[in-house]
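Naming convention: chains lettered A, B, ... in sequence-line order (proteins, then strands); numbering from 1 in each chain. Below, all heavy atoms of this structure are taken into account, side chains as well, without hydrogens, waters or symmetry copies.
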There are 2 protein chains.
Amino acid sequence: MTTRRSPDSARRSERSRQAILTAARELVGETGYRKVTIEAIAARAGVGKQTIYRWWPSKGAVILDSILAMSEDEKGEISLPDTGDIEADLRLVIRATVAEFADPAFEAPIRALNSEIIDDPELAATYRERMADPMNEAVRRRLRTARAAGQLAEDADLDLMLEILYAPLYQRWLLRSGPLTPDYADALVDTALRAFRP
Amino acid sequence: MTTRRSPDSARRSERSRQAILTAARELVGETGYRKVTIEAIAARAGVGKQTIYRWWPSKGAVILDSILAMSEDEKGEISLPDTGDIEADLRLVIRATVAEFADPAFEAPIRALNSEIIDDPELAATYRERMADPMNEAVRRRLRTARAAGQLAEDADLDLMLEILYAPLYQRWLLRSGPLTPDYADALVDTALRAFRP
């Protein structure tokens, strides 16, 4: 069944959708993933439970979308800057990533989700497909351009370079095993470039 | 109060301790960290609950010890091989680590513990102090020897090199984002050496 909707109704829907995503993100930050309920999200967003269930199959799906909404542009796409200088572009991107993960408002819901996906292979697959893969593909595209321009070695393993750039940062954040600073971001970029330059 | 114990009693104690650690490790692998109880560990090990509480303050502490018991030598110490060739030694150690994390019997309890420590800063601190720090220190010692022997750059940041060697492996394992193979181990060692050689 298709429903024809007036512009007003579409605007109202989009407003509700945004209110639900914001409520989900805030609640996870405040109480932790496990304690958040669909009821609480609905109450905070000022919508009925049935509105949430019409758009999302599960709590995990709402929360994942609430996190995705933070990193997409208005077209829903992720891309990296390309000034033609891979070192400058990576420095910018890894510094921004480190800053995000050092920001409690940004990192709390992602931490909650990460704790959940370790035990839940199905949610892990959704996370990979909807969040990790598109992010990784955006970085890989930029690295491929750099390799084609001769700024990385011809035989550089770009999947491995991606891991070298991001995995140490991810581990530091997840295990709280070291500070997340601009200097650290620069050191990661320098190391990756030393290993993968021509 | 001190108690004087006969050799027989000491042997019995050590047997009980080992039975408890084995039971804890097996149960976490079978049912997951959250579902394991002190009662179940005691029943499987054939000891009374009070025996466990005499030696360990909490479930997390028993399980952490059960994991530690897998990687310590008979003196309870961790050290890396030192043949004088840092490349050969790292290849051996990283291959062995990758193989361990690809082994379900070894990785299941560590996965359970990792899921737990993400949400539990206190258990995370114990984990760092008892497990991660001694392991990292053992690797750092070997890297320092290599740097002193001129096999690594004089200004090599050994903490960062440690992260470059282990964090990608940790992330692949935790997120199940790629295969854990000997080739992957070798690629990590090659990359780290390219970045930190003189």
Side-chain angles (χ1 to χ4, degrees), chain A residues 32-35 107-108 110-125 127-129 131-133 135-136 153 155-157 159-179 183-197, chain B residues 32-35 107-108 110-125 127-129 131-133 136 153 155-157 159-179 183-198:
Chain A
Y33 183 95
R34 284 188 188 82
K35 289 189 189 148
E107 70 93 41
I110 305 188
R111 179 174 299 276
L113 190 68
N114 268 270
S115 154
E116 203 68 12
I117 64 181
I118 291 169
D119 281 336
D120 183 342
E122 202 173 317
L123 189 62
Y127 172 85
R128 264 203 306 278
E129 191 183 310
M131 188 153 171
D133 288 352
M135 289 288 294
N136 291 345
D155 65 347
D157 178 340
D159 289 335
L160 188 61
M161 183 169 178
L162 184 73
E163 288 187 339
I164 297 292
L165 281 166
Y166 283 91
L169 191 169
Y170 173 77
Q171 186 186 44
R172 267 198 183 201
W173 164 69
L174 201 64
L175 301 181
R176 301 181 175 89
S177 52
D183 281 353
Y184 181 60
D186 290 350
L188 286 175
V189 173
D190 292 345
T191 304
L193 287 176
R194 268 203 309 277
F196 293 99
R197 260 192 180 127
Chain B
Y33 183 95
R34 283 188 190 81
K35 289 189 189 149
E107 70 93 40
I110 304 186
R111 179 174 299 276
L113 189 68
N114 268 271
S115 154
E116 204 68 11
I117 64 181
I118 292 169
D119 282 337
D120 183 342
E122 202 175 316
L123 189 62
Y127 172 84
R128 264 202 306 278
E129 191 183 309
M131 189 153 171
D133 288 352
N136 291 345
D155 65 347
D157 178 340
D159 288 336
L160 188 61
M161 184 170 176
L162 185 72
E163 288 187 337
I164 298 291
L165 280 167
Y166 283 91
L169 191 168
Y170 173 76
Q171 185 186 43
R172 266 200 184 201
W173 164 70
L174 201 64
L175 301 182
R176 301 182 175 89
S177 52
D183 280 354
Y184 180 60
D186 290 350
L188 286 175
V189 172
D190 292 344
T191 305
L193 287 175
R194 268 202 309 275
F196 293 99
R197 261 192 180 130

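Expressed to the nearest 0.5 Å, how far CD1 of B:Ile164 lies from CG of B:Leu193 amounts to 12.0 Å.
For B:Arg128, the part lying under 4.5 angstrom from a heavy atom of chain A is the side chain only. Contact of B:Ala124 with chain A is not made at all, since no heavy-atom distance falls under 4.5 Å. Residue B:Leu175 touches chain A through both its backbone and its side chain, counting heavy-atom pairs closer than 4.5 Å. Interface remark: B:Arg197 contributes no atoms to any contact with chain A (heavy atom separation under 4.5 Å).
Side-chain atoms of A:Arg194 do not come within 3.5 Å of backbone N or O of B:Arg194 as any donor-acceptor pair. A donor-acceptor pair is defined here as one N or O able to donate and one able to accept, closer than 3.5 Å; such a pair exists between the side chain of B:Arg111 and the backbone of B:Leu174.
When side chains are defined from C-beta on, A:Leu188 does not count as touching A:Tyr166, because their heavy atoms never get closer than 4.5 Å.
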